[in-house]
Number of protein chains: 2
Amino acid sequence: MGILRKTKSVKILLEEFDKKSSAISAITLVERLASELNKTTVYRVLDKLEEDKVLHSFLGKNGHKWYAKCNGCSVSGHQDSHPHFQCSDCGKVDCLSTDVLIPKIPNRKVDVSQVLLQGKCEECYV
Amino acid sequence: MGILRKTKSVKILLEEFDKKSSAISAITLVERLASELNKTTVYRVLDKLEEDKVLHSFLGKNGHKWYAKCNGCSVSGHQDSHPHFQCSDCGKVDCLSTDVLIPKIPNRKVDVSQVLLQGKCEECYV
DNA sequence: TTATATTTGCAACTCAGTTGCATTAGTATT
DNA sequence: AATACTAATGCAACTGAGTTGCAAATATAA
Ligand SMILES: [Mn+2]
Ligand SMILES: [Mn+2]
Ligand SMILES: [Zn+2]
Ligand SMILES: [Zn+2]
């Protein structure tokens, strides 16, 4: 059922995602907000913001959870199947708008695709 | 430095991968072999078999570790950047030989790509 | 202002994976 | 075949991301 009330926790978390457009790991949010919010609350609010399609989540290269703002998404149409890029130098993670075409796989029906690219980001790329 | 000795543990683990060609999660191996091998040993031998390019690893949809036999890989040329497919029905995970083409990403240098597809496998696909 | 349900904090838990260390067992040498 | 050497193993304890149950706090509607 998602977010029902505009609580302090919701506002604090949304502010973090307004500050910059790149993705933020749950771990980072928990430690960055440790003085204001409880760990459990952070995880629970992130969950609900995802249900509400305000954020979307994916797994980074260690299998840890990352969240990013949904861009072209509404409740009617949710577009979270884009690739993500994690910089091996600075660790920054971004949503990519470039489409990765998944070819037809023989004898299989593909429903979901997760693409995580790694390399150097714009700032770290000499 | 990888595997140096042909121990009982190495043989037991390699047998599991000879039985069938699909990938096996570390969790499954730990519990399946619990009566013969210690959990720590399973993880350590898997690590070394990967160093030796006998196996390769990747993360499944929950961020848990999976291993599969390397097919066209030698020590000189290791090809582990193929896509993987996890069946949402039966849970089976396979290496795919179909190539997923990663387009050029503006201002970024892509070194590694992880592609995990989910859907129905050949047996579960009606 | 009161009533009600949602949200929060806390502490304890889960579980995949790791680490330190003493013991065991491959392997090469005699 | 016995010895010495070192890698590999088992065990127990640990780590850390994420979860759960429950009582207290707080947003919202009446
Ligand atoms: Mn994204
Ligand atoms: Mn594979
Ligand atoms: Zn970078
Ligand atoms: Zn299946």
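Naming: A, B, ... by sequence-line order, numbering from 1 per chain.
- The two residues A/Leu116 and A/Gly60 make their nearest non-hydrogen contact at CD2-C, 3.7 Å.
- In this structure, B/Val30 reaches neither bases nor backbone, as no heavy-atom distance under 4.0 Å exists between it and the strands shown.
- Distances from the side chain of B/His64 to the nucleotides C/dT8, C/dA16, D/dA17 place C/dA16 closest.
- A/Glu122 pairs by the salt bridge (Lys or Arg N to Asp or Glu O under 4.0 Å) definition with B/Arg108, not counting sequence neighbours.
- Closest of all the heavy-atom pairs between A/Leu33 and A/Glu16 is CD2-OE2, 3.8 Å.
- Of the candidates D/dT28, C/dG9, C/dA25, C/dG9 carries the atom nearest the A/Thr41 side chain, counting heavy atoms from C-beta on.
- Closest approach of A/Asp89 and A/Lys120 over heavy atoms only: OD1-NZ, 3.0 Å.
- Distances shown here put every side-chain N or O of B/Ser9 at or beyond 4.0 Å from the OP1 or OP2 atom of D/dA8.
- Looking at heavy-atom distances under 4.0 Å, A/Lys6 makes contact with sugar-phosphate atoms alone, never a base.
- The B/Ala26 side chain lies nearest to C/dG17 when the options are D/dA27, C/dG17, D/dG18.
- Residue B/Thr40 places its side chain closer to C/dT19 than to any other of D/dT28, C/dT19, D/dT20.
- Picking from C/dC10, C/dT19, C/dT7 the nucleotide with the shortest atom distance to the side chain of B/Arg44 gives C/dT19.
- B/Tyr43 and B/Ala26 get closest at one heavy-atom pair: CE2-CB, 3.7 Å.
- Residue contacts for A/Lys8: at a heavy-atom cut-off of 4.0 Å it reaches no nucleic acid atom on any strand shown.
- Relative to the side chain of B/Thr7, the nucleotides C/dT18, D/dT9, D/dT20 differ in distance, and D/dT9 lies closest.
- Using a 4.0 Å heavy-atom cutoff across all strands shown, B/Glu31 reaches no nucleic acid atom at all.
- In the set D/dG10, C/dA11, C/dG17, the nucleotide with an atom closest to the side chain of B/Lys65 is C/dG17.
- Of the candidates C/dT18, D/dA8, C/dC10, the closest approach to any side-chain atom of B/Lys39 belongs to C/dT18.
- The nucleotide whose nearest atom lies closest to any side-chain atom of A/Ile27 is, among D/dG18, D/dC11, C/dT8, D/dG18.
- Contact check, B/Tyr43 against C/dG17: a side-chain N or O comes under 4.0 Å of OP1 or OP2.
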